[in-house]
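Owing to the predicted nature of the structure, the values given are computational and were not obtained by experimental measurement. Remember, it's 1-based here, ligands and their atoms both numbered in the order they're listed. Numbering of residues begins at 1 and proceeds along the displayed sequence.
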Amino acid sequence: MAGRINDEDIALVRERARIDEVVSSYLTLRRSGGGSMVGLCPFHDEKTPSFQVTPARGLFYCFGCGEGGDVISFLQKINNLTFTEAVQQLADRVGVQLRISDDGQHTSSGPSRIRILEANQAAHEFFVSQLAGAEGLSGRQFLAGRGFDRTAAEHFGVGYAPTSGRALKQHLNGRGFSDAELVRAGLIREAGYDFFQGRVLWPIKDSGRAVLGFGARKLFDDDRIPAKYINTPETVVYKKSQVLYGLDLARQNIGRKSQAVVVEGYTDVMAAHVAGVDTAVASCGTAFGDEHARLLQRLMGNHDVFNGEVIFTFDGDQAGQNAAIKVFNGDQNFITQTYVAVEPTGLDPCDLRMQHGDAAVRELVARRIPLYQFVMANVLAQHDLDRGDGRLAALRQAAPLVGSIRDTSLVNQYLRELASMLGMDIEEVRREVSRSSRRRIPGRPDPVRTLDPAPDDVLSATTLPWPDPADRQLDAERSTLKLMLQHPTLFDQEWDGVVAEDFSHPAYRAVFAAISQVPWRPDRWTDGVRDATPDETARQLQIALLVESLPGEPDETYATAYASRLRLIAVTANIRDLKGRLQRTNPVEHRPEYDAMFGRLLDLEMRRKQLQLAVAGNE
Ligand code: ZN
């Protein structure tokens with residue numbers, strides 16, 4: 001990662017940028033109890049405000065959808081920015097001059113991100129003018145051959161890179177950009193030649209319409225680069241796992257319709273938009289991955305699995321099937337809102353529009369089917385369902401797919417559909433599915449076998465389960481952590497004897513692990529704990545716990561009572577386990593073990609009495 005911002009500068013930005021002020025430019029906040037403010041969440045649809053901002057802690061948290069963070073992450077989420085971009089925006093707002101180091105190695109004036117965006121913008125304008133010029137004829141012919149006229153080319157900002165090899169460099173040098181800047185922007189190569197030569201280009205923008213990079217298609221047979229498509233290399237502003245072509249045009253429609261259509265190429269995005277499918281985007285030079293999925297979810301404005309649709313237009317061929325399976329193995333929350341639109345004749349949206357017109361593209365999208373159905377049908381197609389052993393083999397392979405669905409309300413529906421596809425009894429199918437589920441690690445979907453695994457596998461989405469805040473059994477764990485995070489100084493340095501094993505829920509245990517790892521110092525406390533929390537769920541949970549109100553006025557007695565109560569529950573559970581083990585152990589045959597366990601039981605019982613007294617005395 002290039003371009004690391006100086007930590008002190010980040011801290012200064014955090015300190016100066018008031019979260020309530022920043023949030024207030026996006027939604028209306030009103031005062032509520034305890035110095036907090038509430039408003040309607042910008043990240044999910046709601047009628048009663050559950051979006052809370054606590055200015056004193058510089059944090060926000062939505063009790064409806066679970067979004068939360070500090071002023072930087074708020075800006076990232078609402079404007080879909082990278083961390084660096086958000087810090088830059090805030091720095092401008094509060095007047096902090098950022099020092100950016102190169103790869104964190106040494107501080108230097110570094111590549112100015114703004115400078116790179118300016119260079120990209122200037123390059124974009126140059127390419128557009130070249131498409132209209134004499135040499136751009138091949139580019140114009142390419143576009144016309146795919147059904148796009150001049151208006152369409154202008155609307156999508158399509159450009160042309162001349163073949164000369166130095167045209168862009170000379171043009172931009174003349175505009176005051178140095179070679180070093182152009183190399184950093186990915187516009188020229190180290191040797192001083194234009195990165196793109198003799199190609200038709202599409203500008204890849206962020207949702208705020210800044211040009212991040214380009215995608216380029218080969219036009220000439222004698223092109224020295226054989227690849228049909230090439231993209232801007234990874235730069236400070238261009239990260240292929242995070243950019244989507246068409247986002248600038250589709251962003252508002254995606255939010256308004258809670259729908260996004262993912263197509264495969266630049267001309268497919270163009271065809272879709274021209275045909276009236278104005279929510280179309282495409283990943284650029286890489287497979288659609290988890291980061292893309294999260295980006296679309298944010299733009300759809302909610303994290304509710306029953307809201308919003310992401311529709312993929314995959315080919316019916318092997319590559320399309322593998323792409324579908326990759327999506328299936330990605331973010332679980334994504335699956336239930338994921339659909340596939342497959343054109344039976346295998347035409348992509350661009351060809352479809354040329355051969356059958358705009359309406360055919362809209363119909364393709366309207367004919368979507370749920371992703372799991374597509375994946376399932378492909379699995380079943382590999383077996384001879386006319387034979388008993390074929391049906392059984394198909395069931396064995398399909399069962400883990402149904403078993404990996406976490407949304408239990410959908411499982412029955414899927415079971416019925418699978419049973420009917422196989423022509424089998426639903427109970428038989430149910431038994432196989434639960435058998436296959438038991439073979440899996442709980443909460444973690446089994447990887448579905450990909451027939452031809454692609455090298456750049458999407459990240460596996462394994463994350464901690466989110467604890468139910470209303471779960472009475474976990475109340476002591478939640479309350480103690482809230483107190484520890486909000487009032488760490490009320491505890492002694494050993495956290496009043498609390499240990500990680502006292503937490504039964506893995507997410508709570510992860511939050512405590514971070515707490516106990518950070519040096520016990522009241523300054524920089526919140527930041528320190530956040531930095532020590534690697535898991536995203538735990539980080540979100542930690543923010544929720546920082547913002548949630550406490551019952552009653554916190555003091556040291558209160559802290560001791562909470563810690564004691566938590567320990568008491570854990571000790572009681574230990575005693576129960578140990579008693580069970582003692583009952584199962586033969587005291588004659590296993591004398592030494594039995595005695596050791598018995599001694600431990602007595603210790604625990606004594607500990608339990610002390611804790612009971614501590615809890616009673618402090619309540
Ligand atoms: Zn929300």
Side-chain angles (χ1 to χ4, degrees), residues 17-81 83 86 207 251-260 290-291 293-310 331-337 406-407 461 463-471 478 482 485 507 511 526 530 533 535-549:
R18 294 200 35 172
I19 191 162
D20 47 329
E21 278 176 21
V22 172
V23 170
S24 292
S25 29
Y26 299 90
L27 58 122
T28 311
L29 289 173
R30 56 179 177 72
R31 305 216 156 273
S32 74
S36 292
M37 307 174 90
V38 293
L40 284 174
C41 178
F43 304 114
H44 83 283
D45 264 339
E46 63 173 7
K47 299 207 167 56
T48 50
S50 46
F51 183 86
Q52 193 165 320
V53 174
T54 313
R57 298 187 189 284
L59 294 173
F60 76 94
Y61 182 73
C62 174
F63 289 91
C65 67
E67 281 290 359
D70 63 8
V71 65
I72 297 169
S73 47
F74 176 81
L75 214 57
Q76 275 185 267
K77 280 170 188 146
I78 196 125
N79 286 337
N80 185 27
L81 304 172
F83 178 82
S207 50
R251 180 196 180 173
Q252 290 203 325
N253 306 320
I254 290 173
R256 199 160 43 80
K257 298 183 178 174
S258 269
Q259 180 208 67
D290 280 358
E291 286 186 82
R294 281 193 287 273
L295 182 85
L296 290 184
Q297 277 182 314
R298 272 203 303 280
L299 291 178
M300 288 194 299
N302 60 66
H303 287 228
D304 182 343
V305 290
F306 299 110
N307 266 315
E309 292 181 350
V310 177
D331 189 339
Q332 269 278 315
N333 293 323
F334 204 52
I335 294 172
T336 43
Q337 56 182 160
R406 278 201 223 130
D407 186 341
T463 177
L464 295 170
W466 184 260
D468 178 4
D471 190 337
R478 192 176 188 92
K482 278 190 329 198
L485 284 164
V511 172
T526 311
R530 183 186 42 229
T533 312
D535 180 84
E536 180 60 28
T537 305
R539 212 160 28 230
Q540 288 299 313
L541 179 60
Q542 187 200 314
I543 292 162
L545 299 173
L546 268 164
V547 174
E548 239 176 63
S549 64

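- Put simply, the side chain of His44 reaches to within 4.5 Å of the side chain of Ser50, judged on heavy atoms.
- Across every non-hydrogen atom of Met37 and Asp20, the tightest pair is SD-CB, 3.7 Å.
- Of all heavy-atom pairs between Ala86 and Ile72, the closest is CB-O, 3.7 Å.
- In this structure, Ile19 and Gly58 approach most closely via the heavy-atom pair CD1-O, 3.5 Å.
- The aromatic rings of Phe51 and Phe43 are tilted relative to each other, their planes meeting at an angle between 30° and 60°.
- The two atoms that bring Gln540 and Tyr61 nearest to each other are O-CE1, 4.0 Å, heavy atoms only.
- For the Zn ion (ligand 1), protein N/O/S neighbours under 2.8 Å (waters excluded) are Cys41 SG, His44 ND1, Cys62 SG, Cys65 SG.
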